[in-house]
Structures are given as C-alpha cells and as structure tokens.
Amino acid sequence: MAQIKTLAEFITERQHEFTYATGELTQLLTSFRLAGKMVNREVNKAGLAEDILGAQGTENVQGEAQQKLDVYANDLFIRLLRSQGEVCAVASEENDDIVHFDNGGKYVVSMDPLDGSSNIDVNVSIGTIFSIYRRVSTGDKATMEDFMQPGTAQVAAGYIIYGSSTMLVYTTGHGVNGFTLDPSIGTFCLSHPDMRTPEEGSIYSVNEGNLYDFPAGVQRYIDDCKKQKMSARYIGSLVADFHRNLLKGGIYLYPATAKSPKGKLRLLYEANPLAMIVEQAGGVATDGAHASWTLSRPNCTSAVRCISAARGWWRRR
Ligand code: P6P
C-alpha cells in the first residue's frame with residue numbers, strides 16, 4: 001500500500017525549495033489548507049442548508065451577484081490569512097479594495113475565494129484560486145505595486161477544486177502537486193505528485209455561444225478543432241474546466257467578446273495563478289500575443305484571452 005503523505009508533511013519536506021525563510025510557506029499554505037476544508041464542508045451541504053444557498057443580494061467589484069457561499073468563503077479566507085501573520089494584505093474578487101492586515105507580513109495574496117459560485121445551486125464543481133507574491137513596497141501598508149507584479153514574480157499559486165472529491169493543487173515554481181482531501185481523516189493527502197499535462201490534448205473548452213464575437217483567427221481555430229474531431233467540454237466553472245484539461249490535455253480559452261473586449265478572465269486571481277500552474281506542469285499559457293504568459297510584460301494589465309493547457313495547441317499553432 002502506497003505511503004500516505006499529508007500536505008503538511010509534503011510542505012515541510014519541500015520547504016527548502018521555497019526561496020524565502022523556512023516555515024513561511026507552511027504558514028502561507030496552512031490558511032488555504034484549513035479554509036479549503038471548511039469551505040468544502042459548506043459546499044457539500046449547500047443543497048440542504050437553506051442559509052448557505054442562493055444570492056446574497058449584493059454585487060462584487062466585477063458587478064457579479066454575490067452568492068452566500070462567496071461571502072462565507074471570502075470572510076473565512078481573509079480571517080485565516082489575517083491570523084497566520086505572513087500575509088499583510090489581500091486582493092479578493094469579493095472586495096472593492098485591498099484588505100490590509102497591518103501585521104508586518106512579507107506577502108500579499110490575490111484570490112478568487114469561490115470561482116464559479118453561480119454553479120453551486122446546480123451541483124457543478126467550483127473552486128478557489130490564489131496567487132502569492134512577496135511584498136515589494138516598503139511603506140506601512142501594501143500598495144497596488146505589490147499586487148501588479150508580473151506573473152513571473154509569483155512565489156506560489158494554487159487552486160482548490162470542490163468536486164466529486166476536494167483537491168488542493170499548488171506550485172512554488174518547482175513543479176505542480178495535487179492533494180486530495182480524505183474526509184475520513186479530514187486531511188489533504190498527496191494524490192497527484194509532479195503533475196504533468198499530456199503532450200497532446202483532445203479537448204477544447206470555450207463558450208461557443210460567443211463564437212461570432214471571437215476574432216476571425218480564433219473562429220478558424222475552433223473550426224479546426226471540430227474538423228480534427230476534438231471533444232468540446234465546457235462546464236462554465238473555470239477551475240473545473242482548467243483542472244480537467246490539465247489532467248487530460250487540451251485547451252481552455254476565453255477570447256475577447258463584445259461583452260468582455262479584453263477577455264473575461266481576471267489577471268490577478270485567475271490568469272496569472274493558472275498560467276503559473278499550467279507552465280509548471282509542462283503546458284503553455286498565452287494572452288494571444290505573448291508566447292508564455294508568466295514571461296509577459298510586468299505592466300500587462302489586459303486579462304488573459306486564453307489559457308492553453310496543452311503543448312498540442314501551441315505546436316499546432
Ligand atoms: P461564461 C465564472 O463566473 C467564471 O469566471 C469562470 O468560472 C467561468 O469559466 C467563466 O466565468 C464562465 O463565463 O461567459 O462562459 O459564462
């Protein structure tokens with residue numbers, strides 16, 4: 001029987017890979033590990049607990065209706081990140097402004113605490129996405145400068161997927177590893193060591209309802225996917241679509257549309273962290289202009305128009 005390695009044991013074992021002082025990575029990831037378990041508990045009972053389902057009656061900074069679970073997850077992650085002391089500020093999809101902790105922490109976190117939450121009511125997998133930077137500003141409080149660093153400056157990135165099982169997947173720039181929550185012991189255990197996306201992908205994921213909005217080249221590419229008999233798979237929940245393609249090979253793209261002329265995916269807490277993960281797993285991420293997202297210009301603020309999770313697409317291009 002394979003040895004069980006917990007996330008905590010793995011982080012401790014790999015602490016030397018983390019550029020900065022020992023123990024800091026453990027602390028940084030502990031918040032996500034603990035909050036992931038607690039959000040998982042609420043997501044799993046969402047169909048039963050009336051008080052956690054449905055809309056909150058408010059909108060987030062993106063103008064999206066906040067679900068009750070969005071607010072619950074956001075408050076929980078912020079509370080846990082504040083309490084562990086390594087993070088001094090958080091930029092969250094659910095908050096209009098930077099949330100400051102005034103604790104002298106050396107890191108900042110960008111996060112989407114519960115992406116795809118509109119899918120909660122229909123039992124579709126949803127996820128948490130996070131991106132961690134070392135602070136670069138020197139004043140009392142973190143600034144936009146800390147959050148707008150290039151994707152290549154991320155010290156760690158990860159996501160939690162709340163699906164048929166709950167998994168935490170992360171990278172610190174030394175490969176990608178996946179941990180599955182064992183509910184019988186309430187612990188994330190290493191289940192997907194050294195994740196690599198397949199050389200060839202047979203899946204393409206895009207909201208084809210926007211097809212006639214897409215640039216002509218993207219329309220031709222999608223037509224080519226059909227001619228090559230690729231499989232169309234699109235759940236409309238980014239973490240679920242991304243995770244499937246990362247494991248099975250394929251491409252996820254969200255090109256520019258009339259409604260989102262720079263693409264819909266948010267740079268700070270969707271495109272950058274997932275780009276780091278897919279490139280660390282041997283895939284490619286691009287905004288359609290740069291060969292590799294995490295090597296792009298530091299001041300690039302346009303949302304990524306597509307994230308590729310397969311070399312196959314890149315070669316075919
Ligand atoms: P569309 C959810 O709001 C989200 O940000 C991602 O989780 C998802 O992949 C995407 O939007 C779906 O967008 O325009 O296809 O409904």
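Start at 1 and go down the list; that is how both ligands and their atoms are numbered.
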If you scan protein heavy atoms around atom 14 (O) of ligand 1, the nearest is Tyr254 OH, 2.5 Å
Review point. So does Lys227 pair up with Asp223, basic N to acidic O under 4.0 Å?
Key: yes
- Message: Is the distance between the ring centroids of Phe32 and Phe77 under 6.0 Å?
- Response: yes
Test side chain to side chain donor-acceptor pair (under 3.5 Å), reference Arg134, set Glu24, Gln149, Gln154, output is Glu24
Proximity flag Asp115 to ligand 1, non-hydrogen atoms under 4.0 Å: yes
Proximity flag Lys259 to ligand 1, non-hydrogen atoms under 4.0 Å: no
Atoms of ligand 1 under 4.0 Å from any heavy atom of Ser237, numbered from 1 in the order shown, are 7 (O), 9 (O)
Here the atoms of ligand 1 under 4.0 Å from any heavy atom belonging to Asn207 are 1 (P), 14 (O), 15 (O)
Atom 8 (C) of ligand 1 sits nearest the protein heavy atom Gly236 O, 3.4 Å
Non-hydrogen atoms of Tyr252 versus ligand 1: any pair closer than 4.0 Å? yes
Min over Lys264, Arg266, Glu270 of heavy-atom distance to atom 10 (C) of ligand 1 lands on Lys264
When the aromatic ring centroids of Phe179 and Phe10 are compared, is their separation below 6.0 Å?
yes
- Side-chain (Asp112) to main-chain (Glu270) donor-acceptor, under 3.5 angstrom: no
So, Glu208 and Lys226, do they make that salt bridge, N to O below 4.0 Å? yes
Looking only at protein heavy atoms, what sits closest to atom 12 (C) of ligand 1 is Tyr234 OH, 3.4 Å
Under 4.0 Å between heavy atoms, the region of Leu238 that gets near ligand 1 turns out to be both
When rounded to the nearest 0.5 Å, the distance separating CG of Asn177 from OG of Ser191 is 9.5 Å
